[in-house]
Amino acid sequence: MVRPRPEPMQVVKQRRDAALNALVEGVPYIRFLNISFDRRGDELTGVLNFDDKLIGNPFLPAIHGGVTAAFLEVTAVITLSWEHMFPRIESGEIGAEDILSDEHIRFPKTIDFTVDYLRSGLPRDAYARAFINRSGRRYASVRVEAWQDNHAKLFAQGTGHFLMPQPSTKA
């Protein structure tokens, strides 16, 4: 029996990156906040690229609390979506063009999301990583941490519960 030759790593990386970019670019609010994602293997790190419009208190200056909360929630939702879709992306069942055009591709819906503001977000880039505590067919629980210069010094953290998208039947 002859095994099929594996795809070149560049092709696999391009497919993964294109799918992740399509996932992120499909949400206008993510583009407005200028959030991007750095993918290393199966691990995603959200990057809130600093812009003056993100400042809530110009006297400190500090990143607006709503922006911080949105950044944490977006990181959780994109990480959950990525984990949920990854097997289908790897198999080639869905590609970047499918994510952009297919109305059957759905994101997890937030049930609740709690944010702990640990210190002021300084006027610079911020990073966040989500950790999936539990992910079942219907429900997921996620913890998110955000930092700026030093990963050991978090400026915010959050916990959320999400309703997972159910498989749809294409007509």
Novice: Could you tell me whether a side-chain N or O of N57 sits under 3.5 Å from a main-chain N or O of A62, the two making a donor and an acceptor?
Specialist: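 No; zero donor-acceptor contacts below 3.5 Å.
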
Novice: Minimum heavy-atom separation for V67 and L54, please, with both atom names.
Specialist: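 In terms of heavy atoms, the two residues are closest at CG1-CD2, 3.8 Å.
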
Novice: Can you name the one residue among V77, L72, T79, I78 that meets side chain to side chain contact (heavy atoms under 4.5 Å, CB included) with T75?
Specialist: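 Option passing the side chain to side chain contact (heavy atoms under 4.5 Å, CB included) with T75: T79.
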
Novice: Do Y29 and I55 sit in one hydrophobic cluster, given that two such residues count as connected whenever their side-chain heavy atoms are within less than 4.5 Å of each other, even indirectly?
Specialist: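 No; tracing contacts between hydrophobic side chains, which count when under 4.5 Å, never links both residues.
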
Novice: Which pair of heavy atoms, one from M164 and one from A140, lies closest together, and at what distance?
Specialist: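 The pair with the smallest heavy-atom distance is SD-CB, 3.6 Å.
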
Novice: Could you verify whether a donor N or O on one side chain and an acceptor N or O on the other, from E73 and T110, lie under 3.5 Å apart?
Specialist: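 Judged by distance alone, the side chains do pair up.
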
Novice: Please report the closest heavy-atom contact between S81 and F107, naming both atoms and the distance.
Specialist: OG-CD2, 3.1 Å

Novice: How far does OG of S36 sit from CD of E25, to the nearest 0.5 angstrom?
Specialist: 9.5 Å

Novice: Would you kindly confirm whether V144 and L33 end up in one hydrophobic cluster when ILVMFWY residues are joined by side chain heavy atoms under 4.5 Å apart?
Specialist: yes

Novice: Between the main-chain N or O of Y139 and the side-chain N or O of R134, is there a donor-acceptor pair closer than 3.5 Å?
Specialist: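 Confirmed, R134 side chain pairs with Y139 backbone.
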
Novice: Can R129 and E145 be said to form a side-chain contact (heavy atoms from CB on, under 4.5 Å), step by step?
Specialist: CA-CA 6 Å; R129 190 165 296 141; E145 298 176 345; 5.7 Å; no

Novice: Do the side chain of D116 and the main chain of A156 share a donor and acceptor less than 3.5 angstrom apart?
Specialist: no

Novice: Just by distance, do the side chain of K53 and the backbone of F32 share a donor-acceptor pair under 3.5 Å?
Specialist: yes

Novice: Let me see the working for L118 and Q157 under side-chain contact (heavy atoms from CB on, under 4.5 Å), right down to the final yes or no.
Specialist: CA-CA 8 Å; L118 306 174; Q157 62 187 10; 4.2 Å; yes

Novice: With F37, which of D17, L23, L20 fulfils side chain to side chain contact (heavy atoms under 4.5 Å, CB included)?
Specialist: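 That would be L20; it is the only one of D17, L23, L20 passing the side chain to side chain contact (heavy atoms under 4.5 Å, CB included) with F37.
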
Novice: What is the minimum heavy-atom distance between S120 and F155, and which atoms define it?
Specialist: O-CB, 4.3 Å

Novice: I'd like to know whether V142 forms a side-chain contact (heavy atoms from CB on, under 4.5 Å) with L80, so could you lay out the CA-CA distance, the side-chain angles of the two residues, the decisive distance to 0.1 Å, and finally the verdict.
Specialist: CA-CA 8 Å; V142 180; L80 268 175; 3.6 Å; yes

Novice: Looking only at heavy atoms, which two atoms of G160 and F113 are closest? And how far apart?
Specialist: CA-CD1, 3.5 Å

Novice: Roughly how far apart are N49 CG and D51 CG, rounded to 0.5 Å?
Specialist: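 Here the interatomic distance stands at 9.5 Å.
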
Novice: In the single-linkage hydrophobic clustering (I, L, V, M, F, W, Y; side-chain heavy atoms under 4.5 Å), do F71 and Y117 co-cluster?
Specialist: yes

Novice: Can you hop from F131 to V74 via hydrophobic side chains spaced under 4.5 Å?
Specialist: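 Different hydrophobic clusters.
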
Novice: Are any non-hydrogen side-chain atoms of E43 and W82 less than 4.5 angstrom apart?
Specialist: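 With C-beta onward as the side chain, the pair stays apart.
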
Novice: For the residue pair E83 and I132, what are the closest heavy atoms and their distance?
Specialist: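 Closest approach of E83 to I132: CG-CD1, 3.4 Å.
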
Novice: Do the non-hydrogen side-chain atoms of Q148 and I63 ever get within less than 4.5 Å of each other?
Specialist: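 A side-chain contact under 4.5 Å exists here.
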
Novice: Cut-off 3.5 Å, side chains only: do T159 and R143 have a donor facing an acceptor?
Specialist: no

Novice: Please work out whether the ring planes of H151 and W147 are parallel, tilted or perpendicular, with thresholds of 30° and 60°.
Specialist: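 Judged by the thresholds at 30° and 60°, the geometry between H151 and W147 is parallel.
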
Novice: Evaluate R119 against K153 for side-chain contact (heavy atoms from CB on, under 4.5 Å), listing each step before the verdict.
Specialist: CA-CA 9 Å; R119 58 178 43 99; K153 293 185 178 181; 3.6 Å; yes

Novice: Taking C-beta and beyond as the side chain, do H84 and P165 meet within less than 4.5 Å on heavy atoms?
Specialist: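 The answer is yes; the side chains approach within 4.5 Å.
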
Novice: Report the distance from atom OG1 of T45 to atom OH of Y127, rounding to the nearest 0.5 Å.
Specialist: 10.0 Å

